There are 2 protein chains.
Amino acid sequence: MSPITEPDEATPVVRGESRLMEAGIVGDIEFLLARARAVGSVRANQGLADVGLKVRSYSVLALACSGLGPSQREMAGFLRLDPSQIVALVDELERRELVAREPDSRDRRSKVVTGTRAGRTLQTKAARMVRTAEDRSLSPLSETERELLRDLLRRVAFESPT
Amino acid sequence: MSPITEPDEATPVVRGESRLMEAGIVGDIEFLLARARAVGSVRANQGLADVGLKVRSYSVLALACSGLGPSQREMAGFLRLDPSQIVALVDELERRELVAREPDSRDRRSKVVTGTRAGRTLQTKAARMVRTAEDRSLSPLSETERELLRDLLRRVAFESPT
DNA sequence: TGCGAACGGTTGACCACCTCAATCGTCGTG
DNA sequence: CACGACGATTGAGGTGGTCAACCGTTCGCA
C-alpha cells in the first residue's frame with residue numbers, strides 16, 4: 001500500500017485495503033457486520049436484478065412462499081422492518097402478481113401473504129442466485145466455518161435481548 | 001406451526017419471534033447479517049447518542065484517533081462508504097473540533113484526518129459505550145464464541161473477492 | 001352487552017443515507 | 001509539459017428508515 005516499501009514476503013494473503021486494519025475498530029462487531037453486509041449485499045442485489053428483485057423484496061417473497069402464511073406484521077417483526085415498508089413491498093409484489101393478500105379468517109384485521117404459482121417459481125429461481133452470490137461472499141471460509149458463522153449469527157440475530 | 005398445539009415443553013429458549021424461523025430464509029447470510037445489524041446498531045446508536053455520535057461518525061472518529069493518520073479516501077475504502085459521505089462526516093466532526101484535516105505533505109491532494117485532544121477523549125468515552133452495547137448484543141454467545149464470530153466476520157468482510 | 005384500549009394495515013411526511021456525475025486542484029508518466 | 005489518473009468536494013436524485021395519524025377490527029373488562 002505505501003508507495004515506497006516493497007511487498008513483504010511474510011505478509012499473509014489479505015485482499016482488503018489493509019493499512020487501517022491496525023485500527024481498533026476492526027474489533028467492533030457493529031463495524032464488521034456493516035462491512036460484511038456492504039460487501040455481500042451489493043453482490044446479492046446484482047444477482048437478483050436479473051429477476052427484478054432486491055434483497056428486501058426477495059425476503060418478503062421468500063416468506064410469502066414459505067408455506068407458513070405469514071401476516072404482514074409477522075413479516076415486519078421478523079425482518080425488523082417498519083410495517084409501512086412491508087406494505088410497499090407487498091404492494092409491488094402483488095402488482096406483479098407474485099404474491100396475494102388473503103384475509104385472515106380468524107382476524108379480519110390482518111392479511112396473510114402467500115406466493116402465487118408464478119411467485120413460487122420466481123422465488124426458487126431467485127434463491128439460486130442468492131445462493132451463488134453468497135457462495136462468493138463466503139469463499140474465504142470453509143464449509144464448516146460457514147455453518148458455524150450462520151449459527152452464531154442466528155443466535156445473535158434472534159436470541160439477543162430487545 | 002399448527003395454530004392449535006399447546007406449547008411444547010421441549011422447546012429451547014428462543015427469545016425471537018419464532019414462528020417464521022421455519023422459513024428457509026434463516027439460512028441466508030444476507031438476511032442474518034441484516035437482522036443482526038438491525039438489532040445491534042439500534043443499541044449502539046442509543047449509547048452513542050449521549051455523546052452526540054452515531055455509528056457512522058464514531059467510525060470516522062475512531063479511525064482519525066487511531067494514530068494511523070488516514071486520508072479521507074482510505075477511510076472511504078475501509079468503511080465501504082462513498083468519499084462524499086466521508087466529507088460530510090468529517091465536516092461535522094471538524095465543526096465540533098473533534099478532528100482536524102491536515103494537508104498531506106507527500107500528496108497535496110489528500111488530507112489526513114487526525115483526532116484533536118477533545119476528539120480523543122470523546123472517542124475513548126464513546127468506545128466504552130460501544131463496547132457495553134456490543135456486550136448486550138453478543139450476550140447469547142460465550143467469550144470464545146464472540147472471538148470466533150469476530151474472526152469469521154473479519155475474513156468475510158476483508159478477504160472476500162471484489 | 002357495550003365501551004375503551006390495543007392492534008393490524010395503510011398513508012403521508014420527513015430525514016438519513018447511497019449513488020452518481022461533474023468540478024477543481026494535484027500527481028505521475030511519457 | 002501535456003495528458004490521464006486521482007483525491008476532495010459539491011449537488012442532484014433515488015432509496016430506505018422513522019414517525020405520527022388514521023380506519024377498521026379485536027379484546028379485556030366492567
Side-chain angles (χ1 to χ4, degrees), chain A residues 1-4 17 19 34-35 37-42 44-46 48-49 52-60 64 69-95 99-113, chain B residues 17 19 30 34-35 37-46 48-49 52-60 64 69-95 99-113:
Chain A
M1 209 105 220
S2 82
I4 299 149
E17 37 265 295
R19 200 179 74 86
R35 183 166 162 132
R37 195 167 115 76
V39 172
S41 71
V42 171
N45 276 323
Q46 283 172 350
L48 286 171
L53 294 175
K54 302 181 186 175
V55 282
R56 277 290 144 72
S57 40
Y58 168 73
S59 301
V60 170
S71 72
Q72 299 185 194
R73 183 149 280 270
E74 280 178 303
M75 287 181 167
F78 195 69
L79 300 174
R80 293 254 164 190
L81 298 179
D82 191 273
S84 60
Q85 293 183 73
I86 302 290
V87 172
L89 290 166
V90 173
D91 277 351
E92 165 71 7
L93 293 174
E94 192 177 40
R95 195 187 55 74
V99 305
R101 277 186 243 241
E102 295 170 7
D104 185 345
S105 52
R106 299 173 177 279
D107 185 342
R108 276 185 301 173
R109 287 175 302 179
S110 75
K111 301 177 183 174
V112 169
V113 182
Chain B
E17 36 266 295
R19 202 179 72 88
E30 215 48 60
R35 184 168 162 131
R37 195 167 115 76
V39 172
S41 72
V42 170
R43 238 195 305 270
N45 275 322
Q46 284 172 350
L48 286 171
L53 294 175
K54 303 182 186 175
V55 282
R56 275 290 144 73
S57 41
Y58 168 73
S59 301
V60 170
S71 73
Q72 297 185 193
R73 182 149 281 271
E74 282 179 301
M75 286 180 167
F78 195 70
L79 300 174
R80 292 255 162 187
L81 297 179
D82 191 272
S84 60
Q85 292 182 75
I86 303 291
V87 172
L89 290 166
V90 173
D91 277 351
E92 165 72 9
L93 293 175
E94 194 178 38
R95 195 187 57 73
V99 304
R101 277 185 246 241
E102 296 170 5
D104 186 344
S105 52
R106 299 172 177 278
D107 186 342
R108 276 185 300 175
R109 287 174 302 179
S110 75
K111 301 177 183 173
V112 169
V113 182

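Convention: sequence-line order gives letters A, B, ...; per-chain numbering from 1. Here the structure is a predicted model, which is why all the values come from computation and not from measurement.
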Between [X] ([atom1]) and [N] ([atom2]), how many Å, whole number?
X	N	atom1	atom2	value
A:Gln72	C:dC7	CD	P	18 Å
B:Arg37	D:dG16	CZ	P	14 Å
A:Glu94	C:dG9	CD	P	13 Å
A:Asp82	C:dC15	CG	C1'	14 Å
A:Glu102	C:dG8	CD	C1'	17 Å
B:Leu89	D:dA8	CG	C1'	14 Å
B:Glu74	D:dC6	CD	P	15 Å
A:Leu79	D:dT18	CG	P	13 Å

Earlier contact from the 5' end, DNA chain D, for A:Leu81 and A:Ser105:
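Looking at the nearest nucleotide for each, A:Leu81 comes out on the 5' side.
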
Judged by nearest nucleotide, the residue sitting upstream toward the 5' end of DNA chain D, B:Ile86 or A:Ser84, is B:Ile86

Which of the following nucleotides, [options], is nearest to the side chain of [X]?
X	options	result
A:Arg56	C:dT10, D:dG17, D:dC19	D:dG17
B:Asp107	D:dA8, D:dT15, C:dC27	C:dC27
B:Ser110	D:dT25, D:dG16, D:dA8	D:dA8
A:Arg101	D:dT18, C:dC27, C:dT10	C:dT10
B:Lys111	D:dT9, C:dT10, D:dG7	D:dT9
A:Gln85	D:dG7, D:dT10, D:dG17	D:dG17
A:Asp91	D:dT25, D:dT9, C:dT11	C:dT11

Less than 3.5 Å between a donor and an acceptor, one on the side chain of A:Arg109 and one on the base of C:dC7, is that the case here?
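Looking at the base of C:dC7, it does pair with a donor or acceptor on the side chain of A:Arg109 (distance under 3.5 Å).
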
Quick one: does any side-chain atom of [X] pair with a main-chain N or O of [Y] as donor and acceptor, under 3.5 Å?
X	Y	answer
B:Arg35	A:Phe78	yes
B:Arg108	B:Pro103	no
B:Ser41	B:Arg37	yes
B:Asn45	B:Val55	yes

OP1 or OP2 of C:dC7 versus the side-chain N and O atoms of A:Arg73: is any pair under 4.0 Å?
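It does not, given that no N or O in the side chain of A:Arg73 lies less than 4.0 Å from OP1 or OP2 of C:dC7.
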
Strictly below 4.0 Å, N to O, side chains only: are B:Arg109 and B:Asp107 in salt-bridge contact?
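A salt bridge is present here (some side-chain N lies under 4.0 Å from a carboxylate O).
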
